[in-house]
Amino acid sequence: MSYNIPTKVQILGQDIRPDQLKYHHKEVLVSKEFTFDSAHHLHCYEGKCKNMHGHTYKLQVVMKGKVDERGLVIDFADIKRITKERVVDRLDHQYLNEVLPPMNTTAENMIVWMYEQIHEGLVQEGLHPAVQLEELRLWETPTSYAAITRSMMEDS
């Protein structure tokens, strides 16, 4: 196996035209994952989770859209900023029963609240409807998650 070392860096306007940056007109899914640690307990539940306990949650954010003239649906940095400001930073190292709206702090309830928060961020920043929040998945454990999709949110 041989390796080629580039001898020249590609220059916009010289080696590639601006109209070549957008390769296609397809919709694409883009995703970013986050982790945060929180404590909670469940009401009206018989089992270990009725006691206060903690999780290292994993949140996967999936967005959909057509690429812009640069070939991007949304900058990963924008997904990170919106999700951290509206969800992760508000929940990380917190007692969920205290910081979330009144609800039983199940993954099934939390995922809908998270969808509402991130969707509102896209709307407020003028990114929606070009970029749509397609799906969220919230893992409480490595093998257990709750998910919500855009179609599920729109059907309700």
Side-chain angles (χ1 to χ4, degrees), residues 12 18-156:
L12 182 64
D19 67 321
Q20 292 177 306
L21 298 178
K22 180 177 181 173
Y23 177 73
H24 61 84
H25 298 283
K26 305 289 185 194
E27 286 189 315
V28 176
L29 297 174
V30 293
S31 177
K32 191 148 183 65
E33 295 181 357
F34 304 86
T35 59
F36 60 94
D37 298 295
S38 301
H40 75 138
H41 69 92
L42 299 179
H43 300 283
C44 300
Y45 180 83
E46 289 307 316
K48 293 191 294 184
C49 294
K50 72 179 179 182
N51 297 318
M52 190 183 307
H53 62 284
H55 296 285
T56 296
Y57 289 94
K58 181 171 95 169
L59 175 64
Q60 181 185 33
V61 178
V62 181
M63 296 189 180
K64 179 177 86 169
K66 289 190 175 185
V67 296
D68 64 15
E69 67 282 350
R70 303 167 297 168
L72 297 173
V73 171
I74 182 174
D75 192 316
F76 286 114
D78 290 333
I79 299 173
K80 179 179 180 179
R81 180 180 41 74
I82 291 167
T83 303
K84 282 185 62 55
E85 285 174 5
R86 295 186 157 268
V87 175
V88 175
D89 291 348
R90 292 169 67 182
L91 303 182
D92 189 35
H93 284 81
Q94 298 296 318
Y95 173 45
L96 298 176
N97 299 68
E98 204 171 66
V99 297
L100 286 170
M103 68 170 76
N104 209 9
T105 54
T106 63
E108 297 91 334
N109 278 338
M110 291 168 54
I111 198 72
V112 171
W113 177 84
M114 291 173 175
Y115 187 101
E116 293 168 344
Q117 299 304 305
I118 296 168
H119 173 76
E120 182 60 28
L122 290 173
V123 170
Q124 286 184 353
E125 296 202 15
L127 297 168
H128 180 82
V131 177
Q132 297 190 15
L133 181 52
E134 191 64 22
E135 181 175 0
L136 290 182
R137 290 186 181 197
L138 178 65
W139 279 264
E140 266 195 359
T141 71
T143 60
S144 304
Y145 71 85
I148 192 81
T149 65
R150 181 173 52 88
S151 65
M152 292 164 76
M153 288 296 288
E154 290 173 351
D155 287 345
S156 53

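All heavy atoms count here, side chains included; hydrogens, waters and symmetry mates do not.
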| Step-by-step side chain to side chain contact (heavy atoms under 4.5 Å, CB included) determination, Met63 to Ile118 | CA-CA 10 Å; Met63 296 189 180; Ile118 296 168; 3.9 Å; yes
Considering all heavy atoms of both residues, which atom of [X] and which atom of [Y] are nearest to each other, and what is their separation?
X: Leu29; Y: Glu134; value: CD2-CG, 3.9 Å
X: Leu59; Y: Met114; value: CD1-SD, 3.9 Å
X: Pro142; Y: Trp139; value: O-CD1, 3.8 Å
X: Trp113; Y: Arg90; value: CZ2-NH2, 3.6 Å
X: Ser31; Y: Phe76; value: O-CE2, 3.5 Å
X: Glu108; Y: Val112; value: O-CG2, 3.8 Å

Once rounded to the nearest 0.5 Å, what's the spacing between atom [atom1] of [X] and atom [atom2] of [Y]?
X: Phe36; Y: Asp89; atom1: CZ; atom2: CG; value: 10.5 Å
X: Met52; Y: Tyr95; atom1: CE; atom2: OH; value: 4.5 Å
X: Ile148; Y: Glu135; atom1: CD1; atom2: CD; value: 9.5 Å
X: Leu91; Y: Gln117; atom1: CG; atom2: CD; value: 9.0 Å
X: Asp78; Y: Leu127; atom1: CG; atom2: CG; value: 6.0 Å
X: His119; Y: His128; atom1: NE2; atom2: NE2; value: 4.5 Å

Give a yes or no answer on whether the side chain of [X] reaches the backbone of [Y] with a donor-acceptor pair at less than 3.5 Å.
X: Ser38; Y: His55; value: no
X: Asn104; Y: Leu42; value: no
X: Arg81; Y: Ala77; value: no
X: Asp37; Y: Asp92; value: no
X: Thr83; Y: Ile79; value: yes

Side chains of [X] and [Y], heavy atoms from C-beta outward: is any pair under 4.5 Å?
X: Val73; Y: Lys64; value: no
X: Val61; Y: Leu136; value: yes
X: Gln132; Y: Glu27; value: no
X: Ile74; Y: Leu122; value: yes
X: His43; Y: Asn97; value: yes

| field | His25 NE2: over 12 foreign heavy atoms closer than 6.0 Å | value |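 Result for NE2/His25: open.
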| query | When you look at Leu133 and Met153, which way does the side chain to side chain contact (heavy atoms under 4.5 Å, CB included) test go after all the steps? | reply | CA-CA 10 Å; Leu133 181 52; Met153 288 296 288; over 6 Å; no
| field | Val30/Val131 under side chain to side chain contact (heavy atoms under 4.5 Å, CB included): CA gap, chis, key distance, verdict | value | CA-CA 10 Å; Val30 293; Val131 177; over 6 Å; no
| message | Between Lys22 and Glu69, is the salt bridge (charged side-chain N to carboxylate O under 4.0 Å, His left out) condition met? List the steps. | response | CA-CA 5 Å; Lys22 180 177 181 173; Glu69 67 282 350; over 6 Å; no
| message | Ring centres under 6.0 Å, that's the criterion: do His40 and His53 meet it? | response |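 So the answer is yes for these two rings.
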| task | Return yes if a side-chain donor-acceptor contact under 3.5 Å exists between Glu98 and Gln94, otherwise no. | result |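 Result is no, nothing qualifies.
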| Where do Met110 and Tyr57 land on the side chain to side chain contact (heavy atoms under 4.5 Å, CB included) test, with the steps shown first? | CA-CA 11 Å; Met110 291 168 54; Tyr57 289 94; 4.1 Å; yes
